[in-house]
Amino acid sequence: MELIQKTPDLSAYLAADEAIDHDHPRVREVAGGLARQAEDSYAYARLAFEFVRDTIPHSQDSGDPRVTWRASDVLEQRTGICYAKAHALAALLRAEDIPTALCYQRFDVVHGLVAVRLDGAWHRQDPRGNKPGVNARFSLGREQLAFTPDHAAREEDYPELYAAPHPAVLDVLKAATDRPHLWETLPAAL
């Protein structure tokens with residue numbers, strides 16, 4: 001699949017916004033700690049991915065009713081669904097000047113992940129969190145995402161790379177009173 005950069009200006013994929021608030025002190029603190037452990041941008045990107053995937057539980061898996069959507073809140077509260085975890089990873093990567101896009105897949109509902117720009121190309125990564133049957137890994141080669149769409153079942157990969165969260169995603173996150181309510185309102189398509 002050819003990924004489509006929705007915004008031609010690459011600097012848009014480094015910008016802070018209300019959800020990807022990489023200028024927030026908590027994001028800067030976490031990014032700084034990870035950066036001190038990394039010898040280069042690739043190592044930093046892998047560390048940031050593993051940090052979000054492994055230390056921030058997916059709220060559906062853990063049973064946490066809280067809904068987070070802003071990267072700093074995800075890092076402070078240590079919880080989030082796929083979209084929120086993607087916002088946190090994007091913020092950590094952008095904090096260290098690594099262009100990062102938000103991208104999506106469609107299953108029963110829309111699933112969120114990121115694409116990181118390294119070695120002159122975009123590479124999708126899924127920080128959702130592993131569990132039995134899910135084994136996402138950081139890779140610049142063959143994708144190792146949490147889920148693979150079954151095209152016969154009308155599941156799909158959306159090729160678009162967004163500089164900011166898709167409005168349909170951000171609106172449901174912001175409107176949710178808790179995770180069970182969020183689950184009832186997740187977008188089925190973009």
Donor-acceptor contact present, side-chain Thr100 to main-chain Ile98, <3.5 Å: yes
At what distance, to the nearest 0.5 angstrom, does NE2 of His24 lie from CG of Leu75? 9.5 Å
Restricting to non-hydrogen atoms, name the atom on Val110 and the atom on Tyr83 that form the minimum distance, rounded to 0.1 Å. O-OH, 2.5 Å
d(Leu89 CG, Glu50 CD) to nearest 0.5 Å is 11.0 Å
Should Leu113 and Leu190 be counted in the same cluster of Ile, Leu, Val, Met, Phe, Trp and Tyr side chains packed under 4.5 Å apart? no
Please check this pair: side chain of Lys6 against backbone of Ala163, looking for a donor-acceptor N/O pair closer than 3.5 Å. no
Hey, does the side chain of His87 reach the backbone of Asp21 with a donor-acceptor pair shorter than 3.5 angstrom? no
Tell me if a side-chain donor or acceptor on Arg26 pairs with a main-chain N or O of Asp73 at a distance below 3.5 Å. no
For the student: nearest non-hydrogen atoms of Leu182 and Ala176, plus distance: CB-CB, 3.6 Å
Determine the minimum heavy-atom distance between Leu34 and Ala48, stating which atoms define it. CD1-CA, 3.8 Å
Using a strict threshold of under 4.0 Å (side-chain N to carboxylate O), is an ion pair present between Asp61 and Arg128? yes
Ionic contact status for Glu143 with Arg124, cut-off 4.0 Å: yes
Can you hop from Phe49 to Leu145 via hydrophobic side chains spaced under 4.5 Å? no
Treat each ILVMFWY residue as a node, draw an edge where side-chain heavy atoms are under 4.5 Å apart, and state whether Ile81 and Leu170 are in one component. yes
If we ignore hydrogens and angles and just use 3.5 Å, is the side chain of Asp157 paired with the main-chain N or O of Pro159 as donor and acceptor? no
Say whether Val30 and Tyr44 are linked into one hydrophobic cluster, either directly or through other cluster members, by side-chain heavy-atom distances under 4.5 angstrom. yes
For Ala71 versus Ala88, what's the shortest heavy-atom pair and its separation? CB-CA, 3.7 Å
Could you please spell out the steps behind the ring pair (Phe, Tyr, Trp, His ring centres under 6.0 Å) verdict for Phe138 and Tyr42? CA-CA 10 Å; Phe138 183 82; Tyr42 173 83; 5.4 Å; yes
Ignoring hydrogens, what is the shortest heavy-atom contact between Asp126 and His111? Give both atom names and the distance. OD2-NE2, 2.7 Å
Side chain to side chain contact (heavy atoms under 4.5 Å, CB included) between Tyr104 and Glu160, worked out: CA-CA 8 Å; Tyr104 303 92; Glu160 295 86 5; over 6 Å; no
Is there a donor-acceptor contact under 3.5 Å from the side chain of Glu155 to the main chain of Asp150? yes
Check: Arg106 side chain, Arg154 main-chain N or O, donor-acceptor pair, under 3.5 Å: yes
I'd like to know if the side chain of Arg66 reaches the main chain of Thr79, judged simply by a donor and an acceptor atom lying under 3.5 Å from each other, with no hydrogens or angles considered. no
State, yes or no, whether a side-chain contact exists between Arg117 and Tyr13 at a heavy-atom distance under 4.5 Å. no
Nearest non-hydrogen partners of Thr7 and Ala12, listed with the distance: CG2-CB, 3.6 Å
Just how far is it from atom CD1 of Ile56 to atom CZ of Phe51, taken to the nearest 0.5 Å? 5.0 Å
Backbone of Ser139 reached by a side-chain donor or acceptor of Gln125 within 3.5 Å: yes
For Ala15, is there any backbone N or O sitting under 3.5 Å from a side-chain donor or acceptor partner on Arg94? yes
Is it possible for you to say whether Tyr162 and Ile4 belong to one hydrophobic cluster, with membership spreading through side-chain heavy-atom contacts below 4.5 Å? no
From Leu47 atom CG to Glu96 atom CD, the distance as rounded to the nearest 0.5 Å: 11.0 Å
